[in-house]
Amino acid sequence: MVVILHTKPLLSSIILGTKIEGFIILVLITFWTALVAIVSDTRHGLATDSSGSIANGNLYYFSWAGLATGVALLTSFLRSKFGFDLGGELRSRAERLQQWVWA
């Protein structure tokens with residue numbers, strides 16, 4: 001449904017940069033976090049075996065890739081909606097920390 005809303009400019013204004021988009025992204029990240037926890041758990045035997053080694057690489061790695069995509073969506077949303085650049089903040093803080101430590 002979200003893909004359909006992005007096809008027309010009038011329809012995309014319903015979702016782009018709104019609280020609805022932020023809510024959908026948060027729900028997505030919540031589901032992906034639960035999925036990664038379940039898939040990576042050795043008790044379930046989905047992507048890892050009882051010894052902890054990866055038995056199904058596609059399931060394991062792509063569940064993590066999906067979570068990373070959700071986090072990228074969240075950072076993009078925060079940057080566009082609130083002007084908060086998480087990557088830029090982390091880089092500038094790292095530079096200030098290095099200056100403080102080495103000064």
Side-chain angles (χ1 to χ4, degrees):
M1 181 173 153
V2 175
V3 173
I4 295 170
L5 290 174
H6 281 83
T7 59
K8 303 287 182 195
L10 181 63
L11 296 176
S12 67
S13 66
I14 295 172
I15 196 156
L16 291 179
T18 63
K19 292 179 182 179
I20 297 170
E21 182 182 20
F23 177 74
I24 291 171
I25 292 171
L26 286 176
V27 168
L28 175 76
I29 288 178
T30 303
F31 284 148
W32 276 110
T33 303
L35 177 94
V36 166
I38 292 169
V39 165
S40 300
D41 192 2
T42 58
R43 292 175 294 174
H44 296 101
L46 293 173
T48 56
D49 58 13
S50 60
S51 67
S53 63
I54 298 171
N56 188 347
N58 283 341
L59 182 62
Y60 182 80
Y61 291 115
F62 281 101
S63 63
W64 280 102
L67 180 62
T69 303
V71 171
L73 280 172
L74 181 64
T75 56
S76 174
F77 174 75
L78 291 174
R79 187 179 316 119
S80 66
K81 180 71 176 170
F82 302 109
F84 180 70
D85 184 16
L86 184 63
E89 287 291 323
L90 290 173
R91 280 189 297 275
S92 68
R93 289 187 190 274
E95 289 172 6
R96 285 183 273 170
L97 178 65
Q98 288 175 359
Q99 291 172 358
W100 179 74
V101 169
W102 301 115

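- The two atoms that bring Phe62 and Trp32 nearest to each other are O-CZ3, 4.3 Å, heavy atoms only.
- To the nearest 0.5 angstrom, Leu74 atom CG is 10.0 Å from Leu28 atom CG.
- Between atom CG of residue Asn56 and atom CG of residue Asp49 there is a gap of 11.0 Å, rounded to the nearest 0.5 Å.
- Closest heavy-atom contact between Gly70 and Ile25: O-CG2, 4.1 Å.
- Taking CD1 of Ile29 as the start and CD1 of Ile24 as the end, the distance is 12.5 Å to the nearest 0.5 Å.
- Shortest non-hydrogen contact noted between Ile54 and Tyr61 is CD1-OH, 3.3 Å.
- Residues Ile20 and Phe31 do not share a hydrophobic cluster, defined by chaining ILVMFWY side chains whose heavy atoms lie under 4.5 Å apart.
- Linking ILVMFWY side-chain heavy atoms closer than 4.5 Å, directly or via other members, places Phe23 and Leu78 in two distinct hydrophobic clusters.
- Between Ser63 and Leu35, the shortest heavy-atom contact is CB-CD2, 3.7 Å.
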> Is there a side chain to side chain contact (heavy atoms under 4.5 Å, CB included) between Thr33 and Leu67 once you walk through the steps?
Replying inline: CA-CA 7 Å; Thr33 303; Leu67 180 62; 3.6 Å; yes

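- Residue Lys81 holds its NZ atom at 11.0 Å from CG of Leu16, rounded to the nearest 0.5 Å.
- Hydrophobic clustering of Ile, Leu, Val, Met, Phe, Trp and Tyr side chains at less than 4.5 Å, counting indirect connections, keeps Val39 apart from Val71.
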